[in-house]
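A short write-up of the structure that comes next.
One-based numbering along the sequence shown.
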Amino acid sequence: MAPSAARELSGLREMAAALAEGRVGARELTERSLERIAASQPSLNAFRIVRAEAALAEADAADRRLASGERLPLLGVPLAVKDDMDVAGEPTAFGCAGAFPPKAADGEAVRRLRAAGAVIVGKTQTPELGQWPVTEGHAFGETRNPWNPAHTPGGSSGGSAAAVAAGLVPAALGSDGAGSVRIPAAWTHLVGVKPQRGRISTWPEPEAFHGLTVNGVLARTVADAALLLDAASGPDPGDVHRPARISAVEAVRRDPGRLRIALSYRTAFTGTPKSLDPVVRSAVEELAGRLEGLGHEVVPEDPRYGAIGLTFAPRATAGVRELAGRVPDPSLLDPRTHETVRAGRLLGGAALRVSRRAEAALRRRVGEIFDRFDVVLTPTTATPPLRIGALSGLGAMATDRAMIAACPYAWTWNVLGWPGVNVPAGFTPEGLPLGAQLLGPAHSEPRLLSLAAQLESAQDWAAHWPPGAPGAGGGSV
């Protein structure tokens, strides 16, 4: 394949197919990915670590394996992972400042990507310990949205989202503890899958943030997201949660059938002000109309969330406290992180135990809606992408209020451990991406992905690229 033709490859599936068919080499794709990363880093700042030398060595090894006739789902494809995942030989700073030691071994999710043949080009930016829906911090600066660099790509998987949206890599892993895959997917026009808890291992953590956080995927198409989800899925023997295996790739190929969909704009009680931006509501309404046009029944109905908010804070703050305790130099942490650590110390005992015990009752309460509906459709966020610096200089309480106001819809499904999929829902008049989420009960990824794929076939999301991205006809970002 000529170099110009290699540049035209943008999707995960098409890259994997071109490699398997010998139409392109892994080194060629990896070099092109690294070139795009280097060109974009001053403007987007999507990567914390770029593994240029190691990635090229991995690509050369992949080319030898391909030449010998070996075939694997991702053999030779350049991918990125969020910097809360261990990659052997690299530090895992998780958005923090300081000198972190290199890890001796891959985390299980990364190990599975390597087993599928992927080339890991780097680790993407995330805010300090994944706490905020923006990807900014004194340790690395600001990660910017490829659609408009004055705005955030979201967080906490903002680096992964920016990298995929800009065409630096065809897909990436992120993690989602309160919407941290779905929010940046919504704000960068991507498909973002938060799978069932345990679907993608969080090992070496037996569970992350006391069960709130799961690893997930970001891609430009549903089929690409499904391919990456299948490759990354599977347990480590030490995992707390071990759901039965699914085939996301097969689900994408199936017609979802006629579904009954609950359209909900209600948010769970948080005791803080929040309102839905009319432009977001209009986009979700339009998406609901498209679903009706595809033959589904869409009915206004809200889940009964109850006191779910009271169970979130102990798990989240205790999780931050535990991770902050492993940082080489805690004095470098953001003052807001220290406030959260103090809250985690207060809530990490009896309140944490009660919050975990409450999960089963909350599942029954919220899950009642699935006795009558197949899927719940909600906005992914209440606002369009925030401007860079929107949360800068705020105290801990003001930051919490601001991020709840912008992102009140995603976190409830983290408490329950159930799957959700962000799908693109159009753009603001200024061209900023918006998203909606398809939510289901336990183990419902196949249905959600099948429905998302049907929507995508009607909407052609992947035809839209940020200005200057490869698919927009402008070359490198």
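Looking at Glu359 and Arg315, a side-chain N of the basic residue comes within less than 4.0 Å of a carboxylate O on the acidic one, giving a salt bridge. A salt bridge does not link Lys103 to Glu90: none of the charged nitrogens lies less than 4.0 Å from a carboxylate oxygen. Between Arg197 and Glu207 there is no salt bridge, since none of the side-chain N atoms of the basic residue sits less than 4.0 Å from a carboxylate O of the acidic one. Arg111 and Asp106 are not joined by a salt bridge, as no carboxylate oxygen comes within less than 4.0 angstrom of a charged side-chain nitrogen. By the 4.0 Å N-to-carboxylate-O rule, Glu430 lies too far from Arg387 to be salt-bridged with it. Arg112 has a carboxylate O that lies under 4.0 Å from a charged side-chain N of Glu108, or vice versa, which qualifies the two as a salt bridge.
In this model, a donor atom of one side chain and an acceptor atom of the other lie less than 3.5 Å apart for Asp302 and Ser264. Side-chain atoms of Thr381 and Thr383 include no donor-acceptor pair closer than 3.5 Å. Gln454 and His296 are linked by a side-chain donor-acceptor pair at a separation below 3.5 angstrom, with hydrogens and angles left out of the test. Neither side chain, Ser180 nor Lys194, offers a donor N or O lying under 3.5 Å from an acceptor on the other. Neither side chain, Thr380 nor Gln437, offers a donor N or O lying under 3.5 Å from an acceptor on the other. Between the side chains of Asp86 and Thr92, at least one donor-acceptor pair of N or O atoms lies under 3.5 Å. A side-chain donor-acceptor contact under 3.5 Å links Asn45 and Gln125.
The CD atom of Glu128 sits 11.0 Å away from the CG atom of Leu323 when rounded to the nearest 0.5 Å. Interatomic distance, CE of Met85 versus CG of Asn215, reported as 3.5 Å (0.5 Å rounding).
Residues satisfying the ring-ring contact (aromatic ring centres under 6.0 Å, His included) test with Phe312, not counting sequence neighbours, are Trp411. Taking the side-chain contact (heavy atoms from CB on, under 4.5 Å) definition, one finds that Thr317 meets it with Thr340, Ala343, Leu347, sequence neighbours left out.
Atom CD of Glu286 sits in a sparse spot, with 12 or fewer heavy atoms from other residues, nucleotides or ligands closer than 6.0 Å.
Geometrically, Arg336 engages Trp132 in a cation-pi contact defined by less than 6.0 Å to the ring centre and at most 45° from the axis. Both the sub-6.0 Å distance and the 45° axial angle are satisfied by Arg281 relative to the ring of Tyr265. Arg220 forms a cation-pi arrangement with Trp465, by the criterion of a distance under 6.0 Å to the ring centre and an angle within 45° of the ring axis.
Note on ring orientation: taking the six-membered ring where Trp is involved, the planes of Phe94 and Phe209 are perpendicular (angle over 60°, cut-offs 30° and 60°).
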